[in-house]
Protein chains: 2
Amino acid sequence: MSATASQHPDFDASRCPVRDVLDQIGDKWTLLILLTLVATPARFSAIQRAVPDISKRMLSQTLRNLERNGMITRQVFATKPPSVQYAMAPLGEALLEPMSQLVKWAEDHHRHIRAARERFDQADAG
Amino acid sequence: MSATASQHPDFDASRCPVRDVLDQIGDKWTLLILLTLVATPARFSAIQRAVPDISKRMLSQTLRNLERNGMITRQVFATKPPSVQYAMAPLGEALLEPMSQLVKWAEDHHRHIRAARERFDQADAG
DNA sequence: CGGAATCCCATCCGATACTG
DNA sequence: CAGTATCGGATGGGATTCCG
């Protein structure tokens, strides 16, 4: 779409910052990992233990994306065997501020959402 | 929140409210539609014009999910041809409060994210 | 006008096996 | 220990067609 055509006040659909951020934190593991690292820096296997259901494949992939986007840092120690420490970067810590608002909202309103869902599904069935 | 098993302070991986909310607003169209409806209630075709790239299939599907979760309301007028009006429900308006924080954060920090990305990609290439 | 049904492709993600 | 490579099922979402 053209630069001028958007009907959204704060929202230009192309190169949209919010889409960009949402695509990242909206995936299955990103937020879990960030919430793990905000408590304390951790190594690969420690994160995997803290997020039990994640596979090595997804952990590796999600961590790399987080590092690429400047949300976390990655530091390699040439011990034997080598260890790698991940930690929050300033940008990631900054992100968790609005995110924690959303987390709180979700916890506060989850009951309402589930209730609405049941009403809808029952009306649909009846 | 969870009593026993979770390693995450505020995060129980099963039946997680945040996952639930994130799955919904993290999809491709939900936020766009909410931001369209917060300005004014609108009919199906009006929303589709306001979000030009969306297909009828995805618009219909996303609207139904939003209604199911209590975020928007749907009112049918038996005119000829019939018209259907969608509008924000209280729950949806409440959600937009923390969401607008996130939108603002994304806009404020998008430059940093893109810069981090370029650094990472260049280090990778070199 | 406001959908539902179908088809199909792209991406996500888990499981497994292998490597330095 | 900290990954990478490959496969395959599940899901997301676009295009098209049909319906009340």
Side-chain angles (χ1 to χ4, degrees), chain A residues 1 13-14 16 19-33 36-37 41-69 72-87 120-121 123-125, chain B residues 13-14 16 19-34 36-37 41-69 72-87 120 123-124:
Chain A
M1 65 205 51
S14 66
C16 173
R19 271 284 178 78
D20 203 352
V21 171
L22 232 48
D23 280 353
Q24 164 103 174
I25 60 94
D27 74 7
K28 197 172 179 183
W29 302 111
T30 290
L31 184 57
L32 256 353
I33 292 175
T36 299
L37 289 180
R43 299 170 53 171
F44 188 91
S45 49
I47 303 174
Q48 192 169 23
R49 279 191 299 275
V51 187
D53 292 345
I54 197 171
S55 64
K56 285 165 71 167
R57 173 169 157 17
M58 289 314 296
L59 180 55
S60 171
Q61 182 175 306
T62 308
L63 285 171
R64 195 175 334 108
N65 267 313
L66 282 169
E67 187 198 357
R68 185 171 109 95
N69 289 325
I72 66 175
T73 60
R74 174 180 184 270
Q75 193 174 1
V76 182
F77 297 98
T79 56
K80 45 131 186 152
S83 77
V84 180
Q85 188 174 57
Y86 294 90
F120 185 93
D121 292 346
D124 188 52
Chain B
S14 67
C16 172
R19 269 285 178 79
D20 202 353
V21 171
L22 231 48
D23 280 354
Q24 164 103 176
I25 60 94
D27 74 5
K28 197 171 177 183
W29 301 111
T30 290
L31 184 58
L32 256 352
I33 292 175
L34 286 180
T36 300
L37 289 180
R43 300 170 52 174
F44 188 93
S45 48
I47 303 173
Q48 191 168 24
R49 279 190 297 277
V51 187
D53 293 344
I54 198 173
S55 64
K56 284 166 70 169
R57 175 170 161 7
M58 288 315 295
L59 180 55
S60 172
Q61 181 176 306
T62 307
L63 285 171
R64 194 176 337 106
N65 268 312
L66 282 169
E67 187 199 358
R68 185 171 110 95
N69 290 325
I72 65 175
T73 61
R74 174 179 183 272
Q75 194 175 359
V76 181
F77 297 98
T79 55
K80 43 109 189 174
S83 77
V84 181
Q85 188 175 57
Y86 293 91
F120 185 93
D124 188 50

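What you see is a predicted model; the values in this text were computed from it and never measured. Throughout, a chain's letter reflects where its sequence line sits, starting with A, and its residues are numbered from 1.
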Q: Write down the distance between CG (A:Asp53) and C1' (C:dC13), rounded to a whole number of angstrom.
A: 13 Å
Q: Verify the contact: side-chain N or O of B:Ser83 to OP1 or OP2 of C:dG2, cut-off strictly under 4.0 Å; return yes or no.
A: no
**Q.** Spacing of CG belonging to A:Leu32 relative to CD1 belonging to A:Ile25, to within rounding of 0.5 Å
**A.** 12.0 Å
Q. Think A:Tyr86 has a side-chain N or O under 4.0 angstrom from the OP1 or OP2 of D:dG3?
A. yes
Q | Between C:dG2 (P) and B:Ile54 (CD1): distance, integer Å | A | 14 Å
**Q.** Shortest side-chain distance from B:Asp27, nucleotide among D:dA2, C:dG2, D:dG13
**A.** D:dG13
Q: Look at B:Arg64 and C:dA4 and indicate whether a side-chain polar atom (N or O) is within less than 4.0 Å of OP1 or OP2.
A: yes
Q) Atom CG of B:Leu63 to atom C1' of D:dG13: distance rounded to whole Å? A) 15 Å
Q) C:dG2 P sits how many Å from B:Phe44 CZ, rounded? A) 7 Å
Q.
From CG of B:Leu59 over to C1' of C:dA4, roughly how many Å is that when rounded to an integer?
A. 14 Å
Q. D:dG3, D:dC1, C:dA4: which one has an atom nearest the side-chain heavy atoms of A:Val84?
A. D:dG3
Q) Can you find a donor-acceptor N/O pair under 3.5 angstrom joining the side chain of B:Lys28 to the base of D:dG13? A) no
**Q.** Comparing B:Arg57 and B:Ser45 on DNA chain C - which has the more 5′ nearest nucleotide
**A.** B:Ser45
**Q.** With sequence neighbours excluded, residues passing salt bridge (Lys or Arg N to Asp or Glu O under 4.0 Å) with A:Asp20
**A.** B:Arg117
Q) How many Å lie between CD on B:Gln24 and C1' on D:dG13, as a whole number? A) 15 Å
**Q.** A:Trp29 CH2 to C:dC13 C1', straight-line distance once rounded to whole Å
**A.** 9 Å
Q: Give a yes/no verdict on a cation-pi contact between B:Arg64 and B:Trp29, requiring under 6.0 Å between NZ or CZ and the six-membered ring centre and an angle within 45° of the axis.
A: no
**Q.** Validation row: B:Phe77, B:Val84 side chains within 4.5 angstrom (heavy atoms)
**A.** no
Q) Does a side-chain N or O from B:Ser55 land closer than 4.0 Å to OP1 or OP2 of D:dG14, or not? A) yes
Q) Between B:Thr79 and C:dC1, is there a side-chain N or O to OP1/OP2 distance below 4.0 Å? A) no
Q: Could you pick out which residue, B:Gln61 or B:Lys56, lies toward the 5' side of DNA chain D when each is mapped onto its nearest nucleotide?
A: B:Gln61
Q: Can you tell me the distance, in whole Å, between the CD atom of A:Gln75 and the C1' atom of D:dC1?
A: 16 Å
Q) For the side chain of B:Met58, counting heavy atoms from C-beta on, which of D:dG14, C:dG3, D:dA2 is nearest? A) D:dG14
Q | Atom of A:Ala50, atom of A:Thr36 and distance for their closest heavy-atom approach | A | CB-CG2, 3.7 Å
Q. Counting just side-chain N and O atoms, does A:Ser60 come under 4.0 Å of either OP1 or OP2 of D:dA2?
A. no
